[in-house]
S.K.: 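Shown below is the structure under consideration.
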Amino acid sequence: MALTEKSDFIREIVTEDLAANKYQGRVHTRFPPEPNGYLHIGHAKSICLNHGIARDFKGKFNLRFDDTNPAKEEQEYVDSIIEDVKWLGGNFEDRLFYASDYFEKMYEHAVLLIKKGKAYVCDLNADEMRQTRGTLTESGKESPYRNRSAEENFDLFERMRKGEFPNGAKTLRAKINMASPNINLRDPVMYRIVHEDHHRQGNKWCVYPTYDWAHGIEDSLEMITHSICTLEFENHRPLYDWYLEELGVYHPKQIEFARLNLTYTVLSKRKLLKLVAEKHVSGWDDPRMPTIAGYRRRGYTSDSIINFCDTIGVAKRDSTIDVAQLEFSIREDLNKHARRTMAVLNPLKIVLTNYPDGQTEECEAVNNPEDETAGKRMIPFCKELFIDQDDFREVPPPKYFRLSPGTEVRLKYGYIIKCEKVVKDGDGKIIEVHCSYDPDTKSGMAGANRKVKSTIHWVSARHAGNVEVRLYDRLFVKENPDDAEEGKDFLSNLNPNSLQILKQCKVEPVLANAKAGERFQFERTGYFCVDSIESKEGAPVFNRIVTLRDAWAKIEQKH
RNA sequence: UGUCGUGUCGUCCAAUGGCAGGACAGCGCCCUUUGGAGGCGUUAAUCUAGGUUCGAAUCCUGGCACGACAGCCA
């Protein structure tokens, strides 16, 4: 029945339901974010799951804002969420909905439960309600207002809506069972009084439905077949079912799966909001943030994130994915699609002593060895060059293959050079390195076949552009950022070196004119993306998306 | 000491009573004008004690561990 081979326990349920003709052959899912923050990679998992199931089973997918709490929700979040869902391929067509558009219908349903004697207005305040709810092991006490007549409840509820009572003075509660072992069933609150403007409804309402009451109705009205949510709602499913059962309306099936956790990453809106509010990062779209906006700005492709979500699977057990898995996804994508370029991040000047002073020549370079159609380009070469400081060692450690006094390396696409002399200033600091070049060894020449131990990247000093490069590292130093010392929180595990700004990096001409959003591989270094906010015309700022795998770093680490 | 849920390589996911497999990570080798691309190989797991069965990761019983729940948040 499904269009793909992909399978998980939810797709199995959908397949079974289809076989049993449970929903007249329909499959209809939804992604129901609350607009109280930016979407993060965990939401991407949910979007890919819900949208993917609709796509694979030829069903429909809705985007619905669960905007039932005006105190926390904002239009800015609505806008960003719409953009992010679209970017991830979540195709909701014209089905963009808001729970707040259903408030009138929800109110009518509530009146119905009041008339059935299944809901009552309660005057207990929040404290009193907590005290009478009981504990995990003891049942609660019934509210003294539990047995008001239907007429009185109806009257009171209408007056709640009209605004006759202050915040918190009264609630509407479902009359279920104060002795239930499931605390969610101990007469849960359906409506609370909140005198606050709603981002879409303005001051039209001062009673707002709670999640449990609202969510099933939203799903039911939209004729959702499979209401997929995360594990923490498992204990709420009996309530979800109770409401829809009592209402006698169309009843979708709630299915729970384990939310995504990532190593070295926090994925709770509360914590992400804190990072933003306390300015530990530049904003929700800071390239170090695990938000969709952050990854996008960093340079992650939507394909890589979608692919990541496909590979991590869907199950019910709590799990933490190694962030290396995400990095693998973006490397895999960019390896196939990113143009190769040469950029020198920490420049060291090389002078080719036997190269003619005024001469310039061009070297032919391959744009992408993984993709012939990417073509070739010419890069300039002359007597003075820059190489990376990492590619020269005055005293080479064991197994070091690159440039050091007396050794040879190949300049990629250029000549083989030999280090002849190290030039230092008065303080003993190396200012430049003098080399000779072998004129018979340019790429493409017969003499170029000579083996040397290493090939390094370089940029012509005379033609180099100067750009800013931002090296990002993980935001937290601990695999589990919440693993903090006694009395401290996740902020104590922030990585002080998560952002390193390099000015005056030397790049080949094509990079100096790169446009916002363009992605490149800097050969032997990593993948980079032109920042869409910090870059200026002719002055690109490059974000490091991810490093290349680095075998040398491991060898070096062992010593 | 309640209810619900979950226990499989280091990590994540499969195996639906019949040879425990894949991906990432790790390790090793090969190749390389990216030490970083690519290729090959390899290490490594069924929480536990019983039971049912010719046969159990899978079914049953008990234990143990972990997670969620006592917001008028979602």
Side-chain angles (χ1 to χ4, degrees), chain A residues 7-9 12 32-34 36 66 68-69 71-72 122 124-126 129-131 133-140 167-173 180-186 188-194 207-208 210-212 214-215 229-238 256 258 260 263 269-270 311-329 331 335-336 340 342 365-366 368-370 399-402 409-414 416 443-444 448-449 451-457 479 521-526 547-556:
Chain A
S7 185
D8 52 64
F9 81 97
E12 278 173 27
E34 183 190 13
N36 67 344
D66 204 3
T68 58
N69 184 358
K72 293 186 172 176
C122 181
L124 257 28
N125 65 32
M129 207 177 287
R130 189 178 326 115
Q131 281 157 21
R133 188 160 20 234
T135 67
L136 295 174
T137 52
E138 302 163 64
S139 45
N167 287 354
K170 289 181 169 24
T171 57
L172 183 73
R173 292 226 259 168
S180 173
N182 181 343
I183 291 178
N184 297 122
L185 261 21
R186 319 239 262 230
V189 171
M190 296 165 62
Y191 278 91
R192 71 278 208 190
I193 298 171
V194 182
V207 288
Y208 288 92
T210 54
Y211 169 87
D212 288 308
H215 207 85
C229 61
T230 44
L231 247 30
E232 66 267 31
F233 295 107
E234 215 159 17
N235 295 342
H236 295 242
R237 179 158 25 95
E256 310 85 12
L260 172 67
T263 56
K269 281 196 197 168
R270 205 198 96 246
T311 61
I312 57 176
V314 179
K316 293 196 75 157
R317 76 180 82 141
D318 292 310
S319 61
T320 303
I321 309 284
D322 189 338
V323 74
Q325 186 97 34
L326 214 211
E327 294 174 348
F328 171 81
S329 283
R331 285 196 190 102
N335 176 44
K336 287 195 205 93
R340 314 285 123 125
M342 295 204 281
V366 174
N368 186 351
E370 304 288 315
K399 302 235 179 98
Y400 186 82
F401 297 161
R402 287 110 95 170
V409 295
R410 171 175 297 285
L411 297 175
K412 177 124 183 166
Y413 301 125
I416 293 174
S443 292
N449 290 331
K451 294 283 177 213
V452 285
K453 277 199 149 179
S454 178
T455 299
I456 64 174
H457 61 279
E479 196 170 298
Q521 183 192 107
F522 292 178
E523 297 232 24
R524 303 203 311 135
T525 303
T547 62
L548 256 19
R549 294 177 71 245
D550 186 352
W552 167 248
K554 277 174 197 160
I555 295 168
E556 203 178 25

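By convention in this document, chain letters (A, B, ...) are assigned in the order of the sequence lines, proteins followed by strands, and residues within each chain are numbered from 1.
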S.K.: Is it the case that B:A68 (base atoms only) and A:Asn235 (side chain only) share a donor and an acceptor within less than 3.5 Å, ignoring hydrogens and angles?
M.R.: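 By the distance-only test, yes, there is a pair.
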
S.K.: For a quick check, tell me whether the side chain of A:Gln325 and the base of B:U11 share a donor-acceptor pair closer than 3.5 Å.
M.R.: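 Per atom types, no contact qualifies.
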
S.K.: Base, sugar-phosphate or nothing for A:Asp66? Non-hydrogen atoms, less than 4.0 Å.
M.R.: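 Sugar-phosphate contact only - A:Asp66 comes under 4.0 Å of backbone atoms but never of a base.
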
S.K.: Could you work out which one of B:U11, B:U33, B:A37 sits closest to the side chain of A:Asp322?
M.R.: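 Output: B:U11.
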
S.K.: B:G7, OP1 or OP2 - any side-chain N/O from A:Arg317 closer than 4.0 Å?
M.R.: yes

S.K.: With a 3.5 Å limit on both atom pairs, tell me what B:U33 is paired to, counting Watson-Crick and G-U wobble, or say none.
M.R.: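 In the structure as shown, B:U33 has no Watson-Crick or wobble partner.
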
S.K.: Of the candidate nucleotides B:G71, B:G36, B:A74, which contains the atom at the shortest distance from the side chain of A:Tyr211?
M.R.: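 Shortest atom-to-atom distance from the side chain points to B:A74.
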
S.K.: Could you tell me the Watson-Crick or G-U partner of B:C73, where both distances fall under 3.5 Å? Say none if there is no partner.
M.R.: none

S.K.: Please confirm whether any donor atom in the side chain of A:Asp318 sits under 3.5 Å from an acceptor in the base of B:G67, or the reverse.
M.R.: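 Per atom types, no contact qualifies.
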
S.K.: Can B:G71 be described as syn, meaning its chi torsion is within 90° of 0, or is it anti?
M.R.: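 Nucleotide B:G71 adopts syn.
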
S.K.: Does A:Tyr400 use its side chain to pair, donor to acceptor, with the backbone of A:Glu556 at less than 3.5 Å?
M.R.: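 Checked: no pair found.
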
S.K.: Pick the C1' atom in B:A15 and in B:G55, then give their distance to the nearest Å.
M.R.: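 Pairwise C1' distance, B:A15 against B:G55, rounds to 16 Å.
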
S.K.: Rounded off to whole Å, could you give me the CD1-to-C1' distance for the A:Ile193 and B:G71 pair?
M.R.: 16 Å

S.K.: Compare side-chain N and O positions of A:Arg340 against OP1 and OP2 of B:U34 and report whether any pair is under 4.0 Å apart.
M.R.: no

S.K.: Under 5.5 Å centre to centre and under 30° between planes: does that hold for A:Trp552 and the six-membered base ring of B:G36?
M.R.: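 No; by the centre-distance and plane-angle rule, A:Trp552 does not count as stacking on B:G36.
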
S.K.: Using the P atom as the reference point in each nucleotide, state the distance between B:U8 and B:C66 in Å, no decimals.
M.R.: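 Nearest-Å result for B:U8 against B:C66 at atom P: 14 Å.
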
S.K.: What is the distance, rounded to the nearest whole Å, between atom CG of A:Leu411 and atom P of B:U34?
M.R.: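 Computing the A:Leu411:CG to B:U34:P distance gives 14 Å.
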
S.K.: If you look at every strand shown and take non-hydrogen atoms under 4.0 Å, does A:Arg173 touch a base, only sugar-phosphate, or nothing?
M.R.: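 If one applies the 4.0 Å heavy-atom cut-off, A:Arg173 turns out to touch nothing in the nucleic acid.
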
S.K.: Contact class for A:Glu234 vs. all strands (heavy atom < 4.0 Å): base, sugar-phosphate, or nothing?
M.R.: sugar-phosphate

S.K.: For a quick test of reading the model: is some side-chain N or O of A:Thr68 closer than 4.0 Å to OP1 or OP2 of B:A74?
M.R.: yes

S.K.: Below the 4.0 Å mark, does B:C13 have OP1 or OP2 next to a side-chain nitrogen or oxygen of A:Ser319?
M.R.: yes

S.K.: Would one find a side-chain N or O of A:Lys451 under 4.0 angstrom from OP1 or OP2 of B:U33?
M.R.: yes

S.K.: Categorize A:Val366 for me: base, sugar-phosphate, or nothing, with a 4.0 angstrom heavy-atom threshold over every strand shown.
M.R.: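 Answer is nothing: A:Val366 stays at 4.0 Å or more from every strand.
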
S.K.: What nucleic acid atoms does A:Thr210 come within less than 4.0 Å of, heavy atoms only: base, sugar-phosphate, or nothing?
M.R.: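 Result for A:Thr210 = sugar-phosphate.
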
S.K.: In whole Å, what is the span from the OH atom of A:Tyr191 to the P atom of B:C73?
M.R.: 14 Å

S.K.: Using the C1' atom as the point on both nucleotides, what is the distance between B:U43 and B:C9, in whole Å?
M.R.: 9 Å

S.K.: Find the partner of B:U3: check Watson-Crick (N1-N3 plus N6-O4 or O6-N4) and G-U wobble (N1-O2, O6-N3) distances, both under 3.5 Å, and reply none if neither fits.
M.R.: B:A68

S.K.: Can you tell me if the side-chain N/O atoms of A:Lys316 get under 4.0 Å from OP1 or OP2 in B:C4?
M.R.: no

S.K.: Nearest of B:A68, B:C24, B:U34 to any side-chain atom of A:Lys412?
M.R.: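 Given the options B:A68, B:C24, B:U34, the side chain of A:Lys412 is closest to B:U34.
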
S.K.: Strictly below 4.0 Å, N to O, side chains only: are A:Glu34 and A:Lys72 in salt-bridge contact?
M.R.: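 Looking at A:Glu34 and A:Lys72, the cut-off is not met.
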
S.K.: Rounding to a whole Å, what distance do you find between A:Leu136:CG and B:U1:C1'?
M.R.: 9 Å

S.K.: Counting side-chain heavy atoms from C-beta on, which of B:G35, B:C72, B:G38 comes nearest to A:Arg402?
M.R.: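 In terms of side-chain proximity for A:Arg402, the closest of B:G35, B:C72, B:G38 is B:G35.
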
S.K.: If pairing requires Watson-Crick or G-U wobble contacts with both distances under 3.5 Å, which nucleotide is the partner of B:U42?
M.R.: B:G26

S.K.: Can you tell me if the side-chain N/O atoms of A:Arg524 get under 4.0 Å from OP1 or OP2 in B:A37?
M.R.: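 Answer is no, no contact under 4.0 Å.
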
S.K.: Looking for any heavy atom pair under 4.0 Å, which part of the strands does A:Leu124 touch: base, sugar-phosphate only, or nothing?
M.R.: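 Base, at least one base heavy atom under 4.0 Å.
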
S.K.: Can you identify which nucleotide, out of B:C72, B:G35, B:A70, has its nearest atom closest to the A:Asp550 side chain?
M.R.: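 Among the listed nucleotides, the one closest to the side chain of A:Asp550 is B:G35.
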
S.K.: Taking atom types as they are modelled, would you say the side chain of A:Ser443 forms a donor-acceptor pair with the base of B:U33 within the 3.5 Å cutoff?
M.R.: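 Looking at the base of B:U33, it does pair with a donor or acceptor on the side chain of A:Ser443 (distance under 3.5 Å).
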
S.K.: For B:A74 and A:Arg192 - does any side-chain N or O of the residue sit under 4.0 Å from the phosphate oxygens OP1/OP2?
M.R.: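 True: A:Arg192 side-chain N/O within range (under 4.0 Å) of B:A74 OP1/OP2.
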
S.K.: Classify A:His236 by what it touches in the nucleic acid, base, sugar-phosphate, or nothing, heavy-atom distance under 4.0 Å.
M.R.: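 Here A:His236 touches the bases of the nucleic acid.
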
S.K.: Compare the minimum distances between each of B:A74, B:G36, B:A37 and the side chain of A:Glu34, then state the nucleotide with the smallest one.
M.R.: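 For A:Glu34, the side-chain atoms sit closest to B:A74.
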
S.K.: Provide, to the nearest angstrom, the distance between the CD atom belonging to A:Glu327 and the C1' atom belonging to B:A23.
M.R.: 16 Å

S.K.: Looking across every strand, which nucleic acid part, if any, lies under 4.0 Å from A:Ala126 by heavy atom: base, sugar-phosphate, or nothing?
M.R.: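 Since a base atom lies under 4.0 Å of A:Ala126, the category is base.
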
S.K.: With both distances kept under 3.5 Å, what pairs with B:U53, Watson-Crick or G-U wobble?
M.R.: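 The answer is none; no pair meets the criterion.
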
S.K.: Which is true for A:Thr320 with a 4.0 Å heavy-atom rule: it touches a base, it touches only sugar-phosphate, or it touches nothing?
M.R.: sugar-phosphate

S.K.: Does B:C69 have OP1 or OP2 under 4.0 Å away from a side-chain N or O of A:Asn182?
M.R.: no

S.K.: Side chain of A:Pro181, heavy atoms from C-beta onward: which of B:G2, B:C24, B:A70 has the nearest atom to it?
M.R.: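 Looking only at side-chain atoms, A:Pro181 lies closest to B:G2.
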
S.K.: Nearest to the side chain of A:Arg549, which nucleotide is it out of B:A37, B:C69, B:A74?
M.R.: B:A37

